[in-house]
Undergrad: 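Let me give you the structure first, and then I'll get to my questions.
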Amino acid sequence: MKRYVLNEENKVNLLNDLVKRSTSNYPEYEKIVADICENVKENKDAALFEYTKKFDKFDINKDNIKVTEEEIEEAVAELDPELYAIMEEAAENIKDFHKKQLRNSFFDTTQEGTFLGQRITAIEKVGVYVPGGKAAYPSSTLMNIIPALVAGCERIIMVTPPNAEGKVSPTTLAAAKICGVKEIYKVGGAQAIAALAYGTESIPKVYKIVGPGNIFVALAKRYVYGHVSIDSIAGPSEILVLTDETANPRYVAADLMSQCEHDEMASGILITTSEEVANAVEKEVEGFMLTAPRKEILQKSLDNFGFILIAKDMKEAVDAANDIASEHLEILTKNPIETMGMIKNAGAIFLGEYSSEPLGDYFAGPNHVLPTNGTAKFFSPLSVDDFIKKSSVICYSKEALEKRHEKIEKFAKSEGLFAHANSIAVRFEK
C-alpha cells in the first residue's frame with residue numbers, strides 16, 4: 001500500500017490514480033462494444049446466438065435460451081439448505097428496508113377549481129443483468145430484483161451468462177427463485193445488454209436495465225443509455241476506512257482487504273489521525289496476505305490502489321473522505337455517529353467496529369449497489385426510486401384559468417411563442 005502524510009498534493013495524486021479506474025479510460029473497447037450492440041440491434045437472435053457461442057462456448061438457440069422451471073428447481077435442490085435459508089432471511093431484510101422507501105402519489109385541490117399533483121407508477125419492464133463469469137453473485141441478484149418487486153414492476157427479465165454446458169450458477173438461480181423471477185435468459189456480456197435494450201425474437205425489450213458487470217457490460221450500458229434507462233455505470237469496488245487512535249488495526253486491515261479481493265482494480269484506503277494505527281494496519285495486512293486465497297488479486301489491488309493517509313486531525317481526515325466520496329465508508333472512531341455528522345459524500349456508511357462492509361453486502365437490508373469513482377457526490381444507492389416514474393397532473397377549471405389567462409399569454413409572448421399564447425387565449429374569445 002502507498003503511504004502518505006495527508007496534504008493537498010497527495011490528495012490530488014490519489015484522486016488522479018482512482019480516476020484511472022473509470023470506464024472512460026478504456027477507449028480500445030468502445031468500438032468492440034458498439035459493434036456488438038449494433039449487430040444485435042440489426043440481427044437480433046442470430047447475433048445473440050453467435051456471440052454466446054463465441055464468448056461462452058455454448059451453442060444457444062431459441063429452444064434452450066430460456067432457463068426452465070426444472071432447471072431452477074434442480075439448482076435449488078443442489079444448494080446447501082442452510083445457505084438457501086440464509087439467502088431467504090437476507091431477502092426479507094432487503095425487502096423490509098426497501099418497503100420504507102415507497103412513495104405515494106399526491107394531489108392538491110383548491111376551492112377555485114385547481115387540481116395539481118404527482119402520480120407515481122412503476123416502470124413496467126425491467127432488465128436485470130447478473131454476472132456469471134469469474135464468480136456468481138446471488139447477493140446482487142437479490143439487491144437488484146427486490147427493489148423492483150417492491151416498486152411494483154410488472155415484468156422483470158433477468159439475463160446471466162451460461163457456462164460451456166449451458167448451465168447457470170445454482171446460487172444465482174436459487175436467488176432468482178426466492179425473488180419469484182421466472183423469466184431468465186442464458187446470455188451475458190455486451191450482447192445481453194443490447195438484447196434487453198433493443199429486443200430480439202427471444203428476449204423482450206425493456207425500459208430500464210440494472211445490474212453490475214465487467215467493462216464490456218458497463219460500456220454497453222453506457223452505449224444504450226437514452227434508448228433505455230440504466231441504473232449507473234459502475235466502476236471497480238472501493239472502500240475507505242476512517243479512523244482515529246481508538247480503531248482496532250486488525251479489523252481495519254481485514255475490512256480493507258474485503259473489497260480489494262474483488263479484482264485488481266479495486267481500491268482500499270485508510271485515512272487515520274494516528275500514525276500508530278497506520279503502522280499496525282500495515283503489519284496486519286502483511287499477516288493476512290500470507291494465507292489469503294486470492295493473494296494475487298489482493299496484491300495487485302493493494303499495490304496500485306491501496307493507500308494509507310495520515311491526517312493531522314479529524315477535520316482534515318473528513319475533508320479528504322468527502323473529496324474521495326467512496327462507495328463504502330467505514331467510520332471507526334471514538335464517536336462514529338458524531339463523525340458521520342461531518343460526512344457529505346459516501347455511497348454507504350458503516351458505523352462502529354461491528355458494522356464491517358460485508359454486513360451491507362449480504363444481509364443488513366440497505367442496497368449494496370452503490371455509486372463508485374467519486375460519483376457519491378451526486379448519485380445514490382439503488383433504491384425503489386430507480387424503478388418508479390413520476391407524472392405531473394394538472395387540471396384547471398374555466399374559472400381558475402380565467403383569473404390567470406392574461407398573465408400566461410403575456411409570459412408566452414415574451415418568449416416569442418405566440419401559438420402558446422393563443423392556445424390559452426382562444427378559450428376566452430368574446
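Since we're looking at a predicted model, the values are computed, not measured. Hydrogens, waters and symmetry mates play no part in the numbers below; they use all other heavy atoms, side chains included.
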Undergrad: Taking Asn163 for the side chain and Lys167 for the main chain, is one N or O donor matched with an acceptor at less than 3.5 Å?
TA: yes

Undergrad: Thinking salt bridges, do Asp45 and Lys62 make one under a 4.0 Å N-O criterion?
TA: no

Undergrad: In terms of relative ring orientation, are Phe428 and His405 parallel, tilted or perpendicular, with 30° and 60° separating the classes?
TA: parallel

Undergrad: One thing to verify: whether Glu124 and Arg155 come together as a salt bridge, which I'm taking to mean a side-chain N less than 4.0 angstrom from a carboxylate O.
TA: no

Undergrad: Do Pro212 and Ser140 have side-chain heavy atoms sitting under 4.5 Å apart?
TA: yes

Undergrad: Would you please test Ser237 and Gln259 for side chain to side chain donor-acceptor pair (under 3.5 Å) and show each step?
TA: CA-CA 6 Å; Ser237 190; Gln259 290 309 290; 2.4 Å; yes

Undergrad: Tell me if the OH atom of Tyr29 is crowded by more than 12 foreign heavy atoms within 6.0 Å.
TA: no

Undergrad: State plainly whether the residues Lys208 and Asp386 are in salt-bridge range, i.e. N to O under 4.0 Å.
TA: yes

Undergrad: Can any side-chain N or O of Asn61 pair as donor or acceptor with the backbone N or O of Asn64 at less than 3.5 Å?
TA: yes

Undergrad: Say whether, by atom type as modelled, one donor and one acceptor occur between the side chain of Asn43 and the main chain of Ala46 under 3.5 angstrom.
TA: no

Undergrad: Side chain to side chain donor-acceptor pair (under 3.5 Å) for Asn39 and Tyr51? Distances and angles first, verdict last.
TA: CA-CA 10 Å; Asn39 192 7; Tyr51 288 127; 2.9 Å; yes

Undergrad: Considering only heavy atoms from C-beta outward, does the side chain of Val393 approach that of Leu116 to under 4.5 Å?
TA: no

Undergrad: Quick check: does any side chain N or O of Glu71 sit under 3.5 Å from a backbone N or O of Thr68, one acting as donor and the other as acceptor?
TA: yes

Undergrad: Can you tell whether the side chains of Glu183 and Lys66 come within less than 4.0 Å, N to carboxylate O?
TA: no

Undergrad: Is a side-chain N or O of Ser397 found less than 3.5 angstrom from the main chain of Ala400, in a donor-acceptor match?
TA: yes

Undergrad: If we ignore hydrogens and angles and just use 3.5 Å, is the side chain of Asn322 paired with the main-chain N or O of Lys344 as donor and acceptor?
TA: yes

Undergrad: Quick check: does any side chain N or O of Ser414 sit under 3.5 Å from a backbone N or O of Phe411, one acting as donor and the other as acceptor?
TA: yes

Undergrad: Is there a side chain to side chain donor-acceptor pair (under 3.5 Å) between Thr141 and Thr172? Walk through the geometry before answering.
TA: CA-CA 7 Å; Thr141 307; Thr172 296; 4.7 Å; no

Undergrad: Flag the pair Asp17 and Lys2 as a salt bridge only when some basic side-chain nitrogen lies within less than 4.0 angstrom of an acidic carboxylate oxygen.
TA: yes

Undergrad: Can you classify the ring geometry of Tyr137 versus His262 as parallel (below 30°), tilted (30 to 60°) or perpendicular (above 60°)?
TA: tilted

Undergrad: Do the charged groups of Arg404 and Glu112 touch, with an N to O distance under 4.0 Å?
TA: yes

Undergrad: Before you tell me yes or no, could you show the steps for Lys186 and Thr52 under side chain to side chain donor-acceptor pair (under 3.5 Å), namely the whole-Å CA-CA distance, both residues' side-chain angles and the distance that decides it to 0.1 Å?
TA: CA-CA 9 Å; Lys186 302 174 184 177; Thr52 303; over 6 Å; no

Undergrad: Flag the pair Glu89 / Glu92 as yes when at least one side-chain heavy-atom distance between them is below 4.5 Å, and no otherwise.
TA: no

Undergrad: Any sub-3.5 Å donor-acceptor pair from Arg294's side-chain atoms to Glu261's backbone N or O?
TA: yes

Undergrad: Assess the residue pair Tyr362 and Ile86 against the criterion (side-chain contact (heavy atoms from CB on, under 4.5 Å)); give the C-alpha distance rounded to whole Å, side-chain angles, the decisive distance to 0.1 Å, and a yes or no.
TA: CA-CA 10 Å; Tyr362 297 108; Ile86 291 168; over 6 Å; no

Undergrad: Less than 4.0 angstrom from a charged side-chain N to a carboxylate O is my criterion; do Glu8 and Lys11 meet it?
TA: yes

Undergrad: Taking the basic N atoms (NZ, or NE/NH1/NH2) and the acidic carboxylate oxygens, is any pair closer than 4.0 Å for Arg427 and Glu402?
TA: no

